[in-house]
Structure formats: C-alpha cells, structure tokens
Amino acid sequence: HSEAATEKFRFTSQGEIGVGGANYGTDGQVLTSAGAGAAPAWEDAGGSGGLVLLSKVVIASTPTYVDFDQLMTTDYDTYKIVISGIASGNSGVNISFLLQTTGESSGAYNAGSTYSWETSRTYDMDTYSQTSVAYGRIGRNGFGDSASNRYASAEMTILNASSTVSYKMWSYRGFCTNHDGTNSGETGAGIFKNDARVTGVRFLYSAGTFATAVAGSSIALYGIVNS
C-alpha cells in the first residue's frame, strides 16, 4: 500500500541499528518482530527456559559451607546449580545440602527430617538411599575427596521451588573420583517434603571443610525463567 516515505531503519558508522530513526535500544536488548503490519521493536531478552546467573561462589579458601542465602525468589520456579571442581579437606566424606524456606530467617536452613533421596554411581552400579533424614546428598560416597586430584563436579536441578502447595524435588548428575581412587559417574534424585517456598540453599560436607581445589573451583546458582 502507498504511504508517505518515512525512515524505517538507520545504520550508523559504529554498526548501530536504529528502528524508525535514532532508536538503538539499550545494552542486552534484542530486535523482536511485532508481527505482520507492525514495525519490529527493541525488547529485553528473555523467554521460557532462559538461564539467569544469580550468584557464583568461587572456593578460594576452606569454608565450612557455601550459602545462597535468600537468593531464590518467585521470579523462578526451577533452579539449576553447577558445581565445578570441588574437593573436601577430609577423606571419605559426602557433599550434602540444606534448603532454606520462608520458615527460616536469613542464615538459617531447614534441618528437619524432611529429605528423602537415592544416589547411584556408575562404575559398580552401587546405590544408596535414605528416607526422612535431615539433609539432602549429592554423590554416592567420597564425592570430592581430600586426596590429590580427587575433585567432583555436578549439575543439580531443583523443581517446584516457588510452590507453596507442592513438595520440592531435585535431581543431579555428575562425575567424581571416589575416596578409594575409582572414577565414577554419579546420578541421584530426592524429595523435600515441605510445601513452603524455597528461598535459599546451603552446601556443606558431612565432616570438615571444603578444600581449595583447582583454579575456578566454584558453585553457581541459576534461575530458569518461568514460561
């Protein structure tokens, strides 16, 4: 159809793209279609399934625990935690975690008998489970040992975190060198029998402290954008 000539796009010598003139958007925005018959527009990036880094703790010393205190909000219902190259200062210990809910104040975590889980390692298909205990666990045995080069990495997902009517569930997969020196893939899942909204998570070993491991040893918390 015919219409008066107007500026639709502008390209500058700096490589900028202007929509309808000097409209270049802001840092991080993407150019989005508005459908037939409408001009595109700059909009904030987002959408279902996108990962947002909320916090990352680099383990550069020997902390007793790693906390993500009151960082989990209603902006996300699913969270992903990436554990990279951690190790323990003790032998034969396991990496555990405690969840924080709206029922706990800042710095406090739920240690009630509300966690049930099962872990499995691939090299011998050994499994281990616990019901109604006071902690969750990642890894079958000796996940990130004190001996040289015995590190562990894993990816963990927490589901239903923002729900106030459903129990929370988690699953993980990872790889480690066990306390006996064997290498093993690790998988597991569990349930947190509490319907309060989750607000944080604490990671700790069953005894002792984290050890300073490889460069970049860290635990990172991501939110998965709600659909």
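Both backbone and side-chain heavy atoms feed into the values below; hydrogens, waters and symmetry mates do not.
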Parallel under 30°, tilted from 30 to 60°, perpendicular over 60°: which one fits the rings of Phe68 and Phe203?
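Because their plane-to-plane angle is over 60°, the rings of Phe68 and Phe203 count as perpendicular.
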Spacing of [X] atom [atom1] and [Y] atom [atom2] [to the nearest 0.5 Å]:
| X | Y | atom1 | atom2 | result |
| --- | --- | --- | --- | --- |
| Lys168 | Thr78 | NZ | OG1 | 11.5 Å |
| Ser84 | Lys56 | OG | NZ | 6.5 Å |
| Ser171 | Leu159 | OG | CG | 6.0 Å |
| Arg202 | Glu104 | CZ | CD | 11.0 Å |
| Leu204 | Ser88 | CG | OG | 10.5 Å |

How close do [X] and [Y] get, heavy atom to heavy atom, and via which atoms?
| X | Y | value |
| --- | --- | --- |
| Asp77 | Ser163 | OD1-N, 3.6 Å |
| Ala154 | Ile138 | CB-CG2, 4.3 Å |
| Ser105 | Gln70 | C-NE2, 3.8 Å |
| Thr122 | Ser184 | N-OG, 3.3 Å |
| Asn94 | Arg137 | ND2-NH2, 3.3 Å |
| Ser106 | Asp69 | OG-OD2, 2.6 Å |

Validation row: [X], [Y] side chains within 4.5 angstrom (heavy atoms):
| X | Y | answer |
| --- | --- | --- |
| Met125 | Thr127 | no |
| Tyr172 | Ile83 | no |
| Phe192 | Tyr167 | no |
| Ser153 | Cys176 | no |
| Ile81 | Val201 | yes |
| Ile224 | Tyr222 | no |
| Asp195 | Val165 | no |
| Thr62 | Phe210 | no |

Cluster overlap [X] with [Y], hydrophobic side-chain contacts below 4.5 Å:
| X | Y | value |
| --- | --- | --- |
| Val198 | Val133 | yes |
| Ile191 | Trp117 | no |
| Ile59 | Leu71 | yes |
| Tyr65 | Ile86 | yes |
| Ile219 | Val52 | yes |

Under a 3.5 Å threshold, yes or no: a donor from one side chain and an acceptor from the other, between [X] and [Y]?
| X | Y | result |
| --- | --- | --- |
| Gln100 | Thr199 | yes |
| Thr101 | Asn110 | no |
| Thr157 | Lys80 | yes |

Look at the side chain of Ser120 and the backbone N and O of Thr187, then say whether any donor-acceptor pair between them is shorter than 3.5 Å.
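Not at all, since once roles are kept as given, no pair shorter than 3.5 Å links the two residues.
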Verdict with reasoning, Met72 to Leu99, per side chain to side chain contact (heavy atoms under 4.5 Å, CB included)
CA-CA 10 Å; Met72 300 166 76; Leu99 294 176; 5.6 Å; no
Mind running side chain to side chain contact (heavy atoms under 4.5 Å, CB included) on Asp126 and Tyr128 for me, showing each step along the way?
CA-CA 7 Å; Asp126 185 43; Tyr128 182 65; 5.5 Å; no
Might you work through the side chain to side chain contact (heavy atoms under 4.5 Å, CB included) test for Asp67 and Tyr109, ending with a clear yes or no?
CA-CA 10 Å; Asp67 284 356; Tyr109 294 82; 3.4 Å; yes
Short N-O contact, Glu186 and Arg173, less than 4.0 angstrom
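Result for this pair is no, no salt bridge flagged.
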Could you go step by step and tell me if Leu221 and Tyr79 meet the side chain to side chain contact (heavy atoms under 4.5 Å, CB included) rule?
CA-CA 7 Å; Leu221 173 68; Tyr79 288 85; 3.9 Å; yes
